[in-house]
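Note that these values count all heavy atoms, side chains included, but never hydrogens, waters or copies made by symmetry.
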Amino acid sequence: MHPFIVLLHVSFLCLAGVGILIADHAAFNWMRGKTRTIGKKALFTAHWIVTTGLLGLIYTGLVLFWPVRDYLLTQPLFLIKMGFVAALLINSIVIEWLMHVAAYRPFKSLSMGQKAPLFLSGAISTASWAGAGLMALLQFAF
């Protein structure tokens, strides 16, 4: 592997992690009522940081993948990881649509039907980040 690309790949993972921490902190404060709404700029910034990290991971992942593609495409852990990455990409589009609710409405004013997509998106995000990371560790660290 190319050590610089691996370092860049891990750096993008760290960037995404920082964005996730920022976004989750703001979301939890909103859900607990500590923050009535979340500013549009804060929402956009956190989403931009996570999306940049995810796209950077995908780009550097492609660079690392290409020379060993014939091997990786036969590896179940890699294919499962790619499923999680696909879920993250789709969910990032959903989050782009859902996040604006937090800029205009307090969480407690939402009906359960309005909260459900937010909880589902959060669960998909958490499971997909954890799943992709676990599959990568199982495939490449052991």
Side-chain angles (χ1 to χ4, degrees), residues 1-35 37-108 110-142:
M1 284 198 221
H2 309 286
F4 176 73
I5 300 299
V6 172
L7 178 63
L8 199 54
H9 194 68
V10 172
S11 297
F12 279 118
L13 178 60
C14 291
L15 178 66
V18 167
I20 290 166
L21 289 175
I22 292 168
D24 285 356
H25 179 72
F28 287 135
N29 283 339
W30 176 64
M31 290 168 59
R32 287 191 308 242
K34 288 186 173 184
T35 305
T37 58
I38 304 173
K40 289 182 194 178
K41 185 175 182 180
L43 287 167
F44 174 79
T45 301
H47 187 63
W48 181 85
I49 291 170
V50 176
T51 301
T52 300
L54 179 58
L55 293 176
L57 281 163
I58 292 169
Y59 177 74
T60 55
L62 281 169
V63 172
L64 293 168
F65 160 81
W66 197 252
V68 290
R69 65 190 176 276
D70 292 333
Y71 167 75
L72 287 176
L73 290 174
T74 66
Q75 299 302 301
L77 292 175
F78 178 78
L79 298 174
I80 293 168
K81 177 183 164 188
M82 291 303 98
F84 284 126
V85 172
L88 287 168
L89 278 172
I90 293 166
N91 198 48
S92 72
I93 295 166
V94 172
I95 291 170
E96 176 79 27
W97 176 69
L98 291 175
M99 71 182 189
H100 300 288
V101 171
Y104 297 105
R105 307 241 340 248
F107 184 75
K108 67 181 179 180
L110 301 176
S111 70
M112 189 49 92
Q114 293 168 318
K115 291 177 183 177
L118 299 170
F119 288 131
L120 181 60
S121 176
I124 289 169
S125 180
T126 301
S128 296
W129 281 107
L134 180 61
M135 293 304 111
L137 285 173
L138 290 174
Q139 174 121 35
F140 297 110
F142 298 108

Sequence neighbours excluded - side chain to side chain donor-acceptor pair (under 3.5 Å) pairs with any residue from residues 129-142: none
Side-chain (Thr45) to main-chain (Ala42) donor-acceptor, under 3.5 angstrom: no
May I have the list of side-chain donor-acceptor pairs in residues 116-127 shorter than 3.5 Å, sequence neighbours left out?
| from | atom 1 | to | atom 2 | distance (Å) |
| --- | --- | --- | --- | --- |
| Ser121 | OG | Asn91 | OD1 | 2.9 |
| Ser121 | OG | Asn91 | ND2 | 3.4 |
| Thr126 | OG1 | Gly122 | O | 2.9 |

Test side chain to side chain contact (heavy atoms under 4.5 Å, CB included) applied to Ala103 - qualifying residues, sequence neighbours left out: Lys40, Leu43
Contacts table for residues 51-58: side-chain donor-acceptor under 3.5 angstrom, sequence neighbours left out:
| from | atom 1 | to | atom 2 | distance (Å) |
| --- | --- | --- | --- | --- |
| Thr51 | OG1 | His47 | O | 2.8 |
| Thr52 | OG1 | Trp48 | O | 2.7 |

Within residues 65-89 or reaching into it, pairs that qualify as ring pair (Phe, Tyr, Trp, His ring centres under 6.0 Å) - sequence neighbours excluded: Phe65-Phe78
NZ (Lys108) with more than 12 external heavy atoms under 6.0 Å: no
Would you be so kind as to tabulate the donor-acceptor pairs closer than 3.5 Å made by side chains of residues 17-33, with sequence neighbours excluded?
| from | atom 1 | to | atom 2 | distance (Å) |
| --- | --- | --- | --- | --- |
| His25 | NE2 | Asn29 | ND2 | 3.2 |
| Asn29 | OD1 | Arg32 | NH2 | 2.8 |
| Trp30 | NE1 | Arg36 | O | 3.4 |
| Trp30 | NE1 | Arg105 | O | 2.9 |

Distance (rounded to the nearest 0.5 Å) between Gln75 CD and Leu72 CG: 7.0 Å
Spacing of Phe107 atom CZ and Thr35 atom OG1 [to the nearest 0.5 Å]: 13.0 Å
Closest contact, heavy atoms only, Val50 versus Ala16: CG2-O, 3.9 Å
Any His9 side-chain heavy atom under 4.5 Å of Leu64 side chain: yes
Full working for side chain to side chain contact (heavy atoms under 4.5 Å, CB included) between Leu138 and Leu134: CA-CA 6 Å; Leu138 290 174; Leu134 180 61; 4.0 Å; yes
Non-neighbouring partners of Thr74 that pass side chain to side chain donor-acceptor pair (under 3.5 Å), sequence neighbours left out: none
